[in-house]
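The first residue of the sequence shown is numbered 1, and numbering continues consecutively from there. Only heavy atoms go into these numbers, but all of them, side chains included; no hydrogens, no water, no symmetry mates. Whatever order the structure lists them in is the order used to number ligands and atoms, beginning at 1.
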Amino acid sequence: MKYTIAVLPGDGIGPEVTNQAKKALDAVAEAYDHIFLYKEAQIGAVSIEGSGNPLPEKTIEICKNADAILFGAIGDVKYDEDPTLRIRPEQGLLKLRKELDLFCNINPSKAYDQLIKNSPLKREIIKGTDIVIYRELSGGSYSGKKELSKDGTVASDVSVYSVAQISRITHLAFKAAQTRRKKVTLIDKSNVLETSRLWRKTVKEIAKSYKKVKVEYLFADNAAKELILMPKKFDIILTDNLYGDLLSDEAAVITGSIGMLASCCIGEEHALFTPVHGTYPKAVGKDIANPLASILSAALMLEHLGLLDEAEAIQKAVEKSLDLGITTQDLKGKNKYAASTSKVGDFIADYILNQEDSNMNFINIHAGQSTII
Ligand code: IPM
Ligand code: MN
């Protein structure tokens, strides 16, 4: 089959890791006889440098016409350090979400056994953690009216939610819970905010039609605490745009697996796949960033396209790289060496095509005995 993939590498380590995901996809294309037609497009700080626009029309068009979107990372310290700059990289992503109506961010956070040693939490607390956050992406303070008074001393971001916006993501969250441990935790500030009270009322109503799913309600401040104290108690977390942003990062980092986590942003018609980590400025250009999250985003994309065996082939290759310790510095496997970003990508692609054969190649290469690859 032939698929058109919009590739938006973006900023920071985005291009380096996305290149490895493309290598994995190329291997899948060869092994399973598919054609992936990549349409590369600009977004973020690099796009501002090039055209003054964080999201050119051309990018929107390419994304709208693609079967799926593979996204890298967005943002640049230059903008982080200067809040007065009016044109900002992040606007590109926010506008893209709006243009494609990507209203639901699905953010998994799983403690991989091999990586628990990287977690800031004790092993017994984190072991077995498996959370998926359903973060609403279209509403809240992200998209409401933004104002700065003429004299620059007062600012506001209006937070708006409608029952329709809350309902569509709530159904997705409950459906997902049915296939997992059957629990949804709604996280809000309904003790303070009107929008949160609407969330709670709407979710309570919808919950009635998912009888087997247990629902729990938590205030966001308490949830931030419980996520660290008892991460295992969470299954599906359902929450709004802003709390979802904060809690996704917290959830990703406590498992010790941030370099491994892939997420997606979906709407009725479009879907975007991206590593959870951001731009990682310190690693840019050094060939040291972990490409596995981006590679797993590609696997998630294949699953979404209905290519389940192909997705599994990538996942198996990733597991193999962990088992053999052919990983970047941040994961430090059993072996003494740390592989570069591109070497990990090469291994994944090679393993997809050659399976067991490639282990020998790689072990030999790292022992300096071979230069076949
Ligand atoms: C994310 C990011 C974005 C957000 C930024 C880059 C606009 O942090 O995808 O979580 O805040 O939504
Ligand atoms: Mn974020």
Side-chain angles (χ1 to χ4, degrees), residues 6 8-15 17-18 41-48 53-55 59-60 63 69-83 85-109 131-144 146 157 159-161 165 169 187 220 223-224 227 237-255 257-267 270-281 284 293-294 296-297 300-301:
L8 278 54
D11 303 320
I13 57 166
V17 294
T18 308
Q42 296 256 307
I43 193 165
V46 281
S47 185
I48 300 176
N53 186 347
L55 185 72
T59 300
I60 301 174
C63 290
I69 304 158
L70 196 59
F71 183 88
I74 203 160
D76 190 285
V77 277
K78 175 178 146 190
Y79 299 87
D80 298 344
E81 281 163 5
D82 187 354
L85 291 170
R86 303 305 288 173
I87 301 179
R88 312 184 62 80
E90 290 81 2
Q91 291 160 349
L93 182 57
L94 298 175
K95 186 162 177 218
L96 187 66
R97 287 175 184 164
K98 193 163 183 197
E99 287 285 335
L100 306 181
D101 197 20
L102 302 172
F103 66 86
C104 176
N105 179 204
I106 304 174
N107 238 305
S109 186
I131 306 169
V132 183
I133 300 183
Y134 275 64
R135 167 190 175 193
E136 209 292 327
L137 275 188
S138 71
S141 50
Y142 269 63
S143 56
K146 297 179 182 303
D157 300 276
S159 175
V160 182
Y161 267 112
Q165 277 172 311
I169 188 170
I187 295 179
L227 203 49
I237 288 177
L238 171 62
T239 191
D240 81 356
N241 208 342
L242 186 57
Y243 302 134
D245 183 43
L246 310 181
L247 296 171
S248 299
D249 272 26
E250 186 185 342
V253 89
I254 57 172
T255 58
S257 313
I258 185 138
M260 299 283 302
L261 300 174
S263 78
C264 64
C265 301
I266 59 168
H270 303 282
L272 176 150
F273 300 84
T274 176
V276 167
H277 63 66
T279 51
Y280 193 9
V284 176
S294 182
L296 287 168
S297 306
L300 210 56
M301 182 182 82

**Item:** Region of Ile74 engaging ligand 1 - heavy atom pairs below 4.0 Å
**Value:**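 Side chain only.
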**Message:** I need the contact type for Arg88 against ligand 1. Using non-hydrogen atoms and a strict under-4.0 Å cut-off, is it side chain, backbone, both or neither?
**Reply:**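 Neither part.
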**Request:** Specify the closest pair of heavy atoms between Thr255 and Ser109, including all atoms of both residues, with the distance to one decimal.
**Result:**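 Heavy atoms of Thr255 and Ser109 come nearest at CG2-OG, 3.2 Å.
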**Request:** Return yes if some donor-acceptor pair links the side-chain N/O of Asn105 with the main-chain N/O of Cys264 below 3.5 Å, else return no.
**Result:**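 At least one qualifying donor-acceptor pair exists.
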**Prompt:** Distance-only, no hydrogens or angles: does the Ser143 side chain make a donor-acceptor pair with backbone N or O of Ser138 under 3.5 Å?
**Reply:**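 A pair under 3.5 Å: yes.
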**Asked** Which residue owns the protein heavy atom closest to atom 9 (O) of ligand 1, what's the atom, and how far is it?
**Response**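 Result for atom 9 (O) of ligand 1: Arg97 NH2, 2.8 Å.
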**Prompt:** Which residue holds the protein heavy atom closest to atom 5 (C) of ligand 1, what is that atom called, and what is the gap in Å?
**Reply:**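 Protein heavy atom with the smallest distance to atom 5 (C) of ligand 1: Glu90 CG, 4.0 Å.
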**Item:** Leu100 and Ile69: CA distance, side-chain angles, deciding distance, side-chain contact (heavy atoms from CB on, under 4.5 Å) verdict
**Value:** CA-CA 11 Å; Leu100 306 181; Ile69 304 158; 3.4 Å; yes
**Asked** With a cut-off of 4.0 Å, which atoms of ligand 1 are near a heavy atom of Tyr142?
**Response**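 Near Tyr142, meaning under 4.0 Å from one of its heavy atoms, ligand 1 has 4 (C), 11 (O), 12 (O).
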**Request:** Would you mind listing which atoms of ligand 1 come within a distance below 4.0 Å of any non-hydrogen atom of Asp245?
**Result:**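 Result: 1 (C), 4 (C), 8 (O), 10 (O), 11 (O).
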**Message:** From the N, O or S atoms in Asp245, identify the one nearest to the Mn ion (ligand 2).
**Reply:**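 Relative to the Mn ion (ligand 2), the closest nitrogen, oxygen or sulfur of Asp245 carries the name OD1.
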**Heavy-atom side-chain proximity of Leu247 to Arg135 below 4.5 angstrom** =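 When only atoms from C-beta onward are counted, Arg135 and Leu247 do not touch, as no gap falls below 4.5 Å.
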**Message:** For a 4.5 angstrom cut-off between non-hydrogen side-chain atoms, does Arg88 reach Asp82?
**Reply:**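 Arg88 does not reach Asp82 side chain to side chain.
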**Asked** Quick check: does Arg135 get an N/O under 3.5 Å from an N/O on ligand 1?
**Response**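 Yes, Arg135 has an N/O under 3.5 Å of an N/O on ligand 1.
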